[in-house]
There are 2 protein chains.
Amino acid sequence: MKKQHISNEIRKLRFLNDEMTQQQLADEVGVTRQTIVAIEKGKYPPTLEISFRIAAVFSLPLEEVFQYHPENDEFKKRKSDKSCR
Amino acid sequence: MKKQHISNEIRKLRFLNDEMTQQQLADEVGVTRQTIVAIEKGKYPPTLEISFRIAAVFSLPLEEVFQYHPENDEFKKRKSDKSCR
DNA sequence: TACAAATGTAAAGTATTTTTTACATCACGC
DNA sequence: GCGTGATGTAAAAAATACTTTACATTTGTA
């Protein structure tokens, strides 16, 4: 029932960033290592708050850490495509 | 115990976007109106997945819909400021 | 006035995220 | 070989996001 609509670069970024360990990242973000493991492996989508914190640790915009793939999302195709501004 | 680290432009965007109602947005996002109300008022931070869906409805990048304010976050000041690339 | 549509609030229940605890494996250096 | 640090996995408990239901308020309009 759950495809993967959100991918992330966390593991890659950890290594680019001084070989940071899961535990270090967890500490910086303020969560447990388990949470990092689960998010890193895409076990479940994190809270927006934690997502922002992770991106902040890497000094990157959120969307360079997490990517949304609407094509895998059951709520993909909007009938009306009104965009804003 | 909970400051507001994340603000959003949802209400503003609803009106800019064809005067979309909470219910309409909820339907497009695939959640209930209650969820939209709660997120709109910042009652709790949404899941990253729902955040991405909301941004998709407005055809905007996530960070133009949700803004992170680390200065209000207890996990604000990183001691080491290693940035990535 | 009366009715309908949009919004605000609240409370109880369900689902999901996060923590806590625990153990197993692998690689490294001593 | 032994110990230590990093990672993988798992399962139950705690916390929190989300739903469902319900009702009150406001605004517009017939």
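Everything quoted here is computed from the prediction, not taken from an experiment. Reminder, nothing fancy here: chain letters follow the sequence lines and each chain counts from 1.
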Nucleotide N/O of nucleotides 18-23 of chain C paired with protein N/O under 3.5 Å:
unit_1 : atom_1 : unit_2 : atom_2 : d
C/dT18 : OP1    : A/T47  : N      : 3.1
C/dT18 : OP1    : A/T47  : OG1    : 2.9
C/dT19 : OP2    : A/T32  : N      : 3.0
C/dT19 : OP2    : A/T32  : OG1    : 3.0
C/dT19 : OP2    : A/T35  : OG1    : 2.1

Report the distance from atom [atom1] of [X] to atom [atom2] of [N], rounded to the nearest whole Å.
X	N	atom1	atom2	value
B/R53	D/dC18	CZ	C1'	12 Å
B/Q23	D/dT20	CD	P	11 Å
B/H5	D/dT16	NE2	P	12 Å
B/E49	C/dT16	CD	C1'	11 Å
B/F15	D/dT27	CZ	C1'	12 Å
B/Q22	D/dT26	CD	C1'	13 Å
A/R14	D/dA6	CZ	P	11 Å
A/I10	D/dA6	CD1	P	18 Å

Keeping [X] on the side-chain end and [Y] on the backbone end, is there a donor-acceptor pair under 3.5 Å?
X	Y	result
A/R33	A/Q22	no
A/N8	A/I10	yes
B/T47	B/I50	no

Ion pair check, B/R53 and B/E28, cut-off under 4.0 Å: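 The answer is no: the pair does not qualify as a salt bridge.
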Any residue meeting side-chain hydrogen bond (donor to acceptor under 3.5 Å, both in side chains) with A/Q67, in chain and number order, not counting sequence neighbours: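 Residues passing side-chain hydrogen bond (donor to acceptor under 3.5 Å, both in side chains) with A/Q67: A/S7.
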Verify the cluster assignment for A/L60 and A/L25: are they in a single hydrophobic cluster under the rule of side-chain heavy atoms below 4.5 Å apart?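 Shared cluster, yes.
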Please tell me if A/K41 has a side-chain N or O lying less than 4.0 Å from either OP1 or OP2 of D/dT7.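 No, no such contact exists.
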Are B/R11 and C/dG8 close enough that a side-chain N or O sits under 4.0 Å from OP1 or OP2?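 So the side-chain polar atoms of B/R11 do come within 4.0 Å of the phosphate oxygens OP1 or OP2 of C/dG8, strictly under.
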Could you go over nucleotides 25-30 of chain C and give all protein N or O partners under 3.5 Å, atom names and distances?
none

Does some side-chain heavy atom of B/H5 sit less than 4.5 Å from a side-chain heavy atom of A/E49?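 Yes, side chains in contact.
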Mind checking whether B/L62 and A/F52 have side chains closer than 4.5 Å, heavy atoms only?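 The answer is yes; the side chains approach within 4.5 Å.
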Quick one: do A/F66 and A/I39 satisfy side chain to side chain contact (heavy atoms under 4.5 Å, CB included)? Show the steps, please. CA-CA 10 Å; A/F66 299 93; A/I39 295 172; 4.0 Å; yes
